[in-house]
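The structure appears right after this line, and notes come after that.
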2 protein chains.
Amino acid sequence: MKKKQSIQHSIHDLARRLHLSPATISRVLNNHPHVHKETRNKVMAMVEKVGYRRNAMASGLRSNKTNTVGLIVPRISMFFHAEVITTIQNELHAYGYQLIICQSNDSVEVEKELTRTLHASRVAAVIVSCTLFTTDFSHFDVLTENNIPVIFYDRVPAKPYPACIIKGDDFRGGYLATSYLLEQSCRRIAHISGPLTCSVYVDRFAGYRQAMQEYGLSVADKRVFFHELTAENARKTMKELFSRKPYPDAVFAANDVSALEALHFAKEMGLRVPGELKIVGYSNDPRSAIVTPSMTTIEQFPTNTGKVIVTELVKILKGDHSKGSAAVADYPTIVTAVELIKRKSV
Amino acid sequence: MKKKQSIQHSIHDLARRLHLSPATISRVLNNHPHVHKETRNKVMAMVEKVGYRRNAMASGLRSNKTNTVGLIVPRISMFFHAEVITTIQNELHAYGYQLIICQSNDSVEVEKELTRTLHASRVAAVIVSCTLFTTDFSHFDVLTENNIPVIFYDRVPAKPYPACIIKGDDFRGGYLATSYLLEQSCRRIAHISGPLTCSVYVDRFAGYRQAMQEYGLSVADKRVFFHELTAENARKTMKELFSRKPYPDAVFAANDVSALEALHFAKEMGLRVPGELKIVGYSNDPRSAIVTPSMTTIEQFPTNTGKVIVTELVKILKGDHSKGSAAVADYPTIVTAVELIKRKSV
DNA sequence: AAATTCTTCGCAACCGTTTGCGTAAATAAA
DNA sequence: TTTATTTACGCAAACGGTTGCGAAGAATTT
């Protein structure tokens with residue numbers, strides 16, 4: 001063990017060692033012009049030597065800027081979000097930003113508390129995918145009021161909100177899934193939807209209805225279910241659906257967890273899939289590819305979503321989002337593409 | 001839109017409004033004693049009214065303490081880590097701490113850079129699960145030298161390091177998996193291992209060998225493979241294994257991704273599983289439960305791991321980890337239990 | 001009533017960086 | 001050589017909280 005000193009070096013230390021002022025050190029570190037080349041080299045050498053690292057808190061306090069971005073998602077264990085986050089983090093890191101990742105666990109209360117905390121740490125921006133139940137977005141006002149830009153993605157506000165919005169084409173996803181089932185001669189298509197407090201399920205449901213209408217089919221209420229999309233709930237719904245005839249000939253589930261559970265249930269019941277029941281899921285969860293039969297689903301391209309988010313974010317952060325106080329109309333809404341992945345469950 | 005002022009309130013603002021000094025406001029916010037009850041109430045009321053939130057940077061700068069904890073993991077999309085992180089975050093949040101989650105992407109360089117960044121933001125502690133290839137741990141010295149406690153989990157240093165270590169019982173996991181296969185009369189058990197630069201694979205491999213030895217079997221080098229545990233690599237290994245007879249009668253893979261790919265390969269080859277080939281994985285990835293046949297695997301209880309981590313962390317953070325400069329021996333090493341989950345692939 | 005203790009609060013320094021302003025030295029222009 | 005301009009750097013005041021010290025007033029003791 002070397003007897004290294006346990007010293008947090010400051011620019012004052014460096015200044016003393018080099019017979020310079022802290023101001024000069026700071027200017028070197030911030031690439032200010034008007035500092036002698038030789039001085040700059042000496043400073044950089046010393047920085048290397050003692051392993052100096054700028055104190056982010058002091059820097060942030062003084063300059064009123066940080067290079068940390070906050071992120072709030074329902075849960076990181078959801079495949080889609082995990083992928084998006086990974087992309088965001090890697091891309092942002094290249095721009096010199098850090099990411100504070102927070103989970104709301106689909107609790108509005110936690111989401112509120114997290115926005116307060118992120119505000120307290122004066123993050124440079126906040127990226128949000130809302131809880132299932134967020135219908136009032138006023139708790140994000142504390143951010144926008146303080147010029148902290150907000151980007152919503154995936155689960156976004158239904159009403160206009162002064163923030164950039166990036167969402168998948170859920171309407172199209174619902175439409176593609178349902179149309180495909182209709183093309184395969186299904187006519188009694190059940191839909192397992194999430195709660196309609198959440199934008200994505202509203203749109204997927206709308207896509208489902210549109211497709212049904214185009215085939216002149218009415219949406220039978222008794223074949224559409226709204227609840228949190230857990231395996232347990234999906235099982236209950238399947239039991240309900242198969243408690244009386246006529247059985248549905250297809251299920252379009254708004255996420256893969258439900259679709260997988262539907263498949264599980266069908267297999268237990270001895271139903272042939274896709275023979276007697278066809279199933280389509282949503283999100284292209286890795287599990288959907290490896291079940292038997294493999295699951296037809298909607299791909300959301302999470303990596304692409306992450307890249308779009310970072311692109312917009314960097315635009316906002318570099319561009320001086322100063323007092324501009326732009327109108328709601330000035331914030332872009334970007335819709336990213338989705339794609340039907342045809343597998344064996346249809 | 002209300003014309004709310006875009007003002008970052010400071011304790012000076014509050015002080016002015018209440019005809020008090022900033023010091024008093026600060027004492028109220030920090031629950032210092034010796035402040036009049038009435039005054040306290042007035043301050044708290046004003047805090048509520050204007051929506052004041054303490055500036056974490058200013059606070060951290062002055063008090064030289066932060067309530068953010070850094071976390072470095074290879075990738076959050078790994079099921080085990082996602083679960084651990086979720087638990088850590090939820091538990092820590094209850095203690096008033098935030099979590100900065102970072103991914104090294106299994107790159108040692110990124111891991112180094114991330115520790116530097118976390119040091120720069122003067123986090124209260126750092127939790128690390130190393131990359132596959134981290135054998136030199138000196139880049140963490142910058143943390144320990146500056147009294148930032150470090151907790152390693154899962155993938156931990158092989159050599160003594162002055163930090164708390166929390167690891168699963170990988171030796172036992174390897175032993176349980178292999179013994180179980182041996183009990184089922186398997187004798188040609190292949191092992192797909194990760195690189196031995198990583199502690200967990202060393203131990204799982206050791207458990208495998210121990211079990212084999214107890215059955216008087218030598219470990220045939222040609223049945224043991226070391227590489228990153230991706231699906232692609234597992235496929236190559238399976239091809240190799242089944243390129244010549246005698247075929248192995250079982251595969252113990254050190255993670256579920258490899259086990260699942262092994263199963264996939266076996267099915268493609270028309271091998272009956274578990275009839276002709278038995279497979280055991282590791283981690284109890286959600287996918288392992290839903291494949292056909294379902295996968296026997298080792299449960300690591302990630303939620304428990306997360307809780308243990310937080311318990312230790314809080315102990316460290318509350319206890320003044322001051323100049324103590326404890327010897328390596330003073331840091332605990334905790335080994336958490338694992339369990340064999342018997343399913344249909346054996 | 002005087003002396004002592006306790007309660008409540010303000011003063012001011014400090015945490016480590018940043019940055020406008022000022023100034024001395026060096027260079028260019030007159 | 002004198003004057004104007006540029007370059008290189010230091011001074012000192014912020015940024016928003018925290019905290020030791022001290023002081024005024026209230027409560028208690030003698």
Side-chain angles (χ1 to χ4, degrees), chain A residues 7-44 46-47 50-68 96 117 119-124 146-148, chain B residues 7-44 46-47 50-68 96 117 119-124 146-148:
Chain A
I7 290 180
Q8 296 275 9
H9 295 282
S10 74
I11 55 175
H12 291 90
D13 296 322
L14 301 190
R16 212 174 306 120
R17 287 171 190 246
L18 293 167
H19 306 290
L20 286 169
S21 79
T24 304
I25 312 287
S26 174
R27 277 188 268 258
V28 170
L29 293 172
N30 292 300
N31 288 316
H32 275 246
H34 300 313
V35 34
H36 198 94
K37 204 169 183 182
E38 205 174 296
T39 312
R40 179 182 303 277
N41 291 338
K42 276 197 287 188
V43 171
M44 292 311 290
M46 185 60 77
V47 164
V50 304
Y52 168 83
R53 271 248 141 182
R54 171 203 277 121
N55 183 321
M57 286 185 294
S59 172
L61 173 60
R62 173 57 226 240
S63 62
N64 204 23
K65 278 179 200 139
T66 55
N67 54 316
T68 38
T117 312
H119 166 231
S121 44
R122 306 294 193 266
V123 289
N146 290 298
N147 288 320
I148 299 178
Chain B
I7 289 181
Q8 297 277 6
H9 294 283
S10 73
I11 55 174
H12 293 88
D13 296 323
L14 300 189
R16 211 175 307 120
R17 288 173 189 244
L18 293 166
H19 304 290
L20 287 168
S21 79
T24 304
I25 312 286
S26 173
R27 277 188 268 258
V28 171
L29 293 172
N30 291 303
N31 288 316
H32 275 243
H34 300 313
V35 36
H36 198 94
K37 205 169 182 179
E38 206 173 296
T39 313
R40 180 182 301 278
N41 290 338
K42 275 197 286 187
V43 171
M44 290 313 289
M46 185 59 78
V47 164
V50 305
Y52 169 83
R53 271 249 139 182
R54 173 203 276 122
N55 182 322
M57 287 185 293
S59 172
L61 174 60
R62 173 57 226 241
S63 61
N64 204 22
K65 278 177 200 142
T66 54
N67 54 314
T68 38
T117 312
H119 166 232
S121 44
R122 305 294 193 266
V123 290
N146 290 298
N147 288 320
I148 299 178

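Sequence lines set the chain letters: A, B, ... in the order given, protein chains first and strands last, and positions in each chain run from 1.
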- Query: Between OG1 of B/Thr24 and NE2 of B/His36, what distance do you get to the nearest 0.5 Å?
  - Reply: 12.5 Å

Under 3.5 Å, which N/O atoms of the protein pair with N/O atoms of nucleotides 8-11 of chain D?
from, atom 1, to, atom 2, distance (Å)
D/dA8, OP1, A/His36, ND1, 3.4
D/dC9, OP1, A/Thr39, OG1, 2.5
D/dC9, OP2, A/His36, N, 2.7
D/dC9, OP2, A/Thr39, OG1, 3.3
D/dG10, OP1, A/Ser21, N, 3.1
D/dG10, OP2, A/Ser21, N, 2.9
D/dG10, OP2, A/Ser21, OG, 2.7
D/dG10, OP2, A/Thr24, OG1, 2.3
D/dG10, N7, A/Arg27, NH2, 2.9
D/dG10, O6, A/Arg27, NH1, 3.3
D/dG10, O6, A/Arg27, NH2, 2.9

- Would you mind reading off the bend of the helix from C/dA1-D/dT30 to C/dT27-D/dA4 from its two end axes, five pairs each, to 10 degrees? 50°

- Among A/Val47, A/Asn55, A/Val28, A/Ile25, find the residue that satisfies the side-chain contact (heavy atoms from CB on, under 4.5 Å) test when tested with A/Ile11. A/Ile25

- With sequence neighbours excluded, tell me which residues meet salt bridge (Lys or Arg N to Asp or Glu O under 4.0 Å) with B/Arg16. B/Asp13

- Query: What are the residues of residues 54-66 of chain A, sorted by number, that bring a heavy atom to within less than 4.0 Å of DNA chain C?
  - Reply: A/Arg54, A/Asn55, A/Ala58, A/Ser59, A/Arg62

- Span of DNA chain C in contact with chain B (heavy atoms, under 4.0 Å): C/dT7 to C/dG16

- Message: Tell me every residue that passes side-chain hydrogen bond (donor to acceptor under 3.5 Å, both in side chains) with B/Thr39, counting only those two or more places apart in sequence or in another chain.
- Response: none

- Main-chain N/O of B/Arg122 paired with B/Thr66 side-chain donor or acceptor, under 3.5 Å: yes

- Message: Set out, in order, the CA-CA distance, both residues' side-chain angles and the distance that settles side chain to side chain contact (heavy atoms under 4.5 Å, CB included) for B/His9 and B/Met46, then state yes or no.
- Response: CA-CA 11 Å; B/His9 294 283; B/Met46 185 59 78; over 6 Å; no

- Query: Do other residues, nucleotides or ligands put more than 12 heavy atoms under 6.0 Å from the CG atom of B/Asn64?
  - Reply: no

- Residue pair A/Ala15 / A/Ser21: nearest heavy atoms and the distance that separates them: CB-C, 3.7 Å

- Those residues at least two apart in sequence (or on a different chain) that pass side-chain hydrogen bond (donor to acceptor under 3.5 Å, both in side chains) with A/Arg62 are none

- Task: Only counting residues at least two apart or in another chain, list the ones meeting side chain to side chain contact (heavy atoms under 4.5 Å, CB included) with B/Arg53.
- Result: A/Glu113, A/Arg116, A/Thr117, A/His119, A/Ala120

- Item | Partners passing side-chain hydrogen bond (donor to acceptor under 3.5 Å, both in side chains) against B/Ser63 (at least two apart in sequence or in another chain) | none

- By side-chain hydrogen bond (donor to acceptor under 3.5 Å, both in side chains) - contacts of A/Ser26 (at least two apart): A/Asn30

